[in-house]
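Working notes for the structure below.
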Amino acid sequence: EKFTYPQVFVHGQYLGGFTEATAALRAATPFRAALGLPAPVSPTAVRDLVASRPVVALSLPNCVQCEQLRALLAAEGVADAAGVFTKWDKATGEYAELRRQLVAVTGQEKFTYPQVFVNGTYIGGCAEAKRDLEAGLHREALGLPPKAAPALAFDDEDF
């Protein structure tokens with residue numbers, strides 16, 4: 001039988017030639033794990049993540065706006081403000097696919113981080129999340145009590 005190089009073995013087991021090896025790299029196979037590579041990103045990874053928690057903020061390391069929003073959530077009393085955030089790293093091989101999915105989910109080609117979702121609905125970036133939080137929106141999803149109505153003030157002339 002004729003064969004070509006490379007011939008690939010994984011843990012002593014024959015995988016095949018170039019065609020089989022490249023197919024195995026593209027799929028979630030033990031071959032990827034043996035090479036220390038993560039499984040490919042699920043085609044629904046972003047949708048699944050957004051649906052997995054009441055509030056999801058997609059962020060990047062060293063993101064000033066992400067830290068500002070996290071601090072605001074903590075100041076409002078969100079018990080696990082850090083747990084709201086999922087950090088992505090642009091240096092990983094998965095980032096391009098995750099970003100592509102995020103663009104498809106939000107419809108926004110250009111955006112900054114964080115990108116915020118509440119109960120599976122896209123809210124927007126940091127400015128929109130701050131605006132909504134200050135307006136008292138999404139408090140239940142964040143595990144916060146409803147915002148108290150402002151106290152009424154009267155002066156002596158009102159009576």
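As the structure is a prediction and not an experimental result, all values here were calculated from the model.
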Minimum heavy-atom distance between [X] and [Y], given as atom pair plus value:
X: Val103; Y: Phe111; result: CG2-CE2, 3.8 Å
X: Thr44; Y: Gln101; result: C-OE1, 3.7 Å
X: Leu73; Y: Phe85; result: CD1-CE1, 4.0 Å
X: Cys63; Y: Leu60; result: CB-O, 3.2 Å
X: Pro54; Y: Ala141; result: CB-O, 3.5 Å
X: Lys147; Y: Leu133; result: NZ-O, 4.1 Å

Let me confirm one number: the [atom1]-[atom2] distance from [X] to [Y], rounded to the nearest 0.5 Å.
X: Gln108; Y: Leu102; atom1: CD; atom2: CG; answer: 9.5 Å
X: Glu97; Y: Ser42; atom1: CD; atom2: OG; answer: 9.0 Å
X: Phe18; Y: Gln7; atom1: CZ; atom2: CD; answer: 12.5 Å
X: Tyr113; Y: Asn62; atom1: OH; atom2: CG; answer: 14.5 Å
X: Leu137; Y: Ile123; atom1: CG; atom2: CD1; answer: 8.5 Å

Do side-chain atoms of Glu128 reach the backbone of Gly125 as a donor and acceptor pair under 3.5 angstrom?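 Present.
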Main chain of Gly17, side chain of Glu20: is a donor-acceptor contact present, judged purely on distance under 3.5 Å?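 It does hold such a pair.
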I would like to know whether Val105 and Phe117 meet side-chain contact (heavy atoms from CB on, under 4.5 Å); could you show each step before the answer? CA-CA 11 Å; Val105 168; Phe117 296 82; 3.7 Å; yes
Could you work out, with side chain to side chain donor-acceptor pair (under 3.5 Å) as the rule, every residue matching Glu76, not counting sequence neighbours?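 For Glu76, the residues satisfying side chain to side chain donor-acceptor pair (under 3.5 Å) (neighbours in sequence not counted) are Arg139.
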Got a sec, which residues hit side chain to side chain donor-acceptor pair (under 3.5 Å) with Arg53, two or more places apart in sequence or on another chain?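 Result, side chain to side chain donor-acceptor pair (under 3.5 Å) vs Arg53: Thr86.
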Can you list the steps and then say if Leu144 with Val78 is a side-chain contact (heavy atoms from CB on, under 4.5 Å)? CA-CA 7 Å; Leu144 298 172; Val78 175; 3.9 Å; yes
With clusters defined by side-chain heavy atoms of hydrophobic residues (ILVMFWY) lying less than 4.5 Å apart, directly or transitively, does Val50 cluster with Val118?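 No.
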Where does the angle between the aromatic ring planes of Tyr95 and Trp88 fall among parallel (under 30°), tilted (30 to 60°) and perpendicular (over 60°)?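 Rings of Tyr95 and Trp88: perpendicular, as their planes differ by over 60°.
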Leu69 and Val116, any side-chain heavy atoms less than 4.5 Å apart: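 Touching, per the 4.5 Å side-chain cut-off.
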Is there a side-chain contact between Gln68 and Lys130 (heavy atoms, below 4.5 Å)?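 Side-chain contact under 4.5 Å: yes.
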side-chain contact (heavy atoms from CB on, under 4.5 Å) assessment of Leu58 paired with Leu49: CA-CA 10 Å; Leu58 302 173; Leu49 175 61; 3.4 Å; yes
Please name the residue in the list Arg131, Glu67, Gln65 that meets the side-chain contact (heavy atoms from CB on, under 4.5 Å) test with Cys126.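 Single pass found, and it is Gln65.
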